[in-house]
Amino acid sequence: MVMFSNGFSTLQIPEDFDQIPPKDEFTDLYLVNTKIPMSIKFSTTPTLSGLPEIMNGIEENLKSNDKIELVTSDFIVINESLYYMVVSSFNDGENQIRRNEFLYVEDDNLYIFEFTYPYADRALDDFYLNICYIYNFASFVYIII
């Protein structure tokens with residue numbers, strides 16, 4: 001069992017996922033599985049904004065890009081904590097890609113948990129949903145079996 005911790009969050013890295021060096025200072029963990037294919041990204045960034053302001057900014061950015069479709073955007077409660085969930089899709093020229101993000105603000109930090117995978121692959125939807133049901137988002141201890 002390979003574990004990751006950034007001091008705020010602890011994650012178990014899923015089987016068959018490889019850790020890739022982050023491309024920016026706010027990405028704490030970037031995982032890819034080329035067999036599926038799917039990527040998982042976990043980021044922490046300082047913020048003084050609340051989720052409503054973050055939601056408005058994300059929706060404006062997504063709606064201003066004609067290559068990205070905003071599928072759904074809403075607040076959800078997970079284990080008595082408020083999250084912002086945004087689902088979008090975009091076309092890379094060959095495939096339609098789906099991105100599912102969960103955002104949470106705590107102690108002036110914005111936590112972003114993102115899944116990206118080919119949109120038309122129903123098996124990946126099931127894999128993604130199985131991971132989400134197992135995650136304990138509120139305590140930021142993520143367990144993937």
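In this text, all values refer to a predicted model and were calculated from it rather than measured experimentally.
V87 and M38 fall within a single hydrophobic cluster, where Ile, Leu, Val, Met, Phe, Trp and Tyr are joined by side-chain heavy atoms under 4.5 Å apart, directly or via other members. Criterion: ILVMFWY side-chain heavy atoms under 4.5 Å apart, direct or through other members. Under it, F17 and F42 are part of a common hydrophobic cluster. Tracing side-chain contacts under 4.5 Å through hydrophobic residues (I, L, V, M, F, W, Y), one never reaches L62 starting from V71; they form parts of separate clusters. Linking ILVMFWY side-chain heavy atoms closer than 4.5 Å, directly or via other members, places V86 and Y104 in two distinct hydrophobic clusters. Cluster annotation: M85 and L110 are assigned to distinct hydrophobic clusters (Ile/Leu/Val/Met/Phe/Trp/Tyr, side-chain heavy-atom contacts under 4.5 Å, transitive).
Across every non-hydrogen atom of Q19 and L31, the tightest pair is CA-CD2, 3.7 Å. The shortest heavy-atom contact between P37 and P118 is O-CD, 3.3 Å. In plain terms, the two heavy atoms of L51 and L82 that are nearest each other are CD1-O, 3.5 Å.
With sequence neighbours excluded, no residue forms a side chain to side chain contact (heavy atoms under 4.5 Å, CB included) with T34. A search for side chain to side chain donor-acceptor pair (under 3.5 Å) contacts involving D24 returns T27, not counting sequence neighbours. Taking T116 as the reference, S39, I97, R99, E114 meet the side chain to side chain contact (heavy atoms under 4.5 Å, CB included) condition, with sequence neighbours excluded. Not counting sequence neighbours, the partners of P46 by the side chain to side chain contact (heavy atoms under 4.5 Å, CB included) test are F26, N109. For N61, there are no side chain to side chain contact (heavy atoms under 4.5 Å, CB included) partners at least two apart in sequence or on another chain.
Applying the ring pair (Phe, Tyr, Trp, His ring centres under 6.0 Å) definition to pairs two or more places apart or across chains, those involving residues 46-78 are F75-Y84. Pairs of residues two or more places apart, or lying in two chains, that qualify as salt bridge (charged side-chain N to carboxylate O under 4.0 Å, His left out) and include a residue from residues 30-42 are D16-K35. Identified under the side-chain hydrogen bond (donor to acceptor under 3.5 Å, both in side chains) test for residues 49-60, with sequence neighbours left out: E59-S73.
Taking CD1 of I54 as the start and OG1 of T45 as the end, the distance is 9.0 Å to the nearest 0.5 Å. Here CG of N100 is found 11.0 Å from CZ of F113. Values are rounded to the nearest 0.5 Å. Taking CE of M55 as the reference point, atom CG of D74 lies at 8.0 Å (rounded to 0.5 Å). Separating the CD1 atom in I76 from the CG atom in L103 is a distance of 10.0 Å, to the nearest 0.5 Å.
Contact check for Y111 versus F102: no side-chain heavy atoms found under the 4.5 Å cut-off. Contact annotation: the side chain of I36 never approaches that of Y117 to less than 4.5 Å [non-hydrogen atoms, C-beta and beyond].
Looking only at distances, a side-chain donor or acceptor of D28 sits under 3.5 Å from a matching main-chain atom of T44.
Through direct or relayed side-chain contacts under 4.5 Å between Ile, Leu, Val, Met, Phe, Trp and Tyr, V32 connects to I20, Y30.
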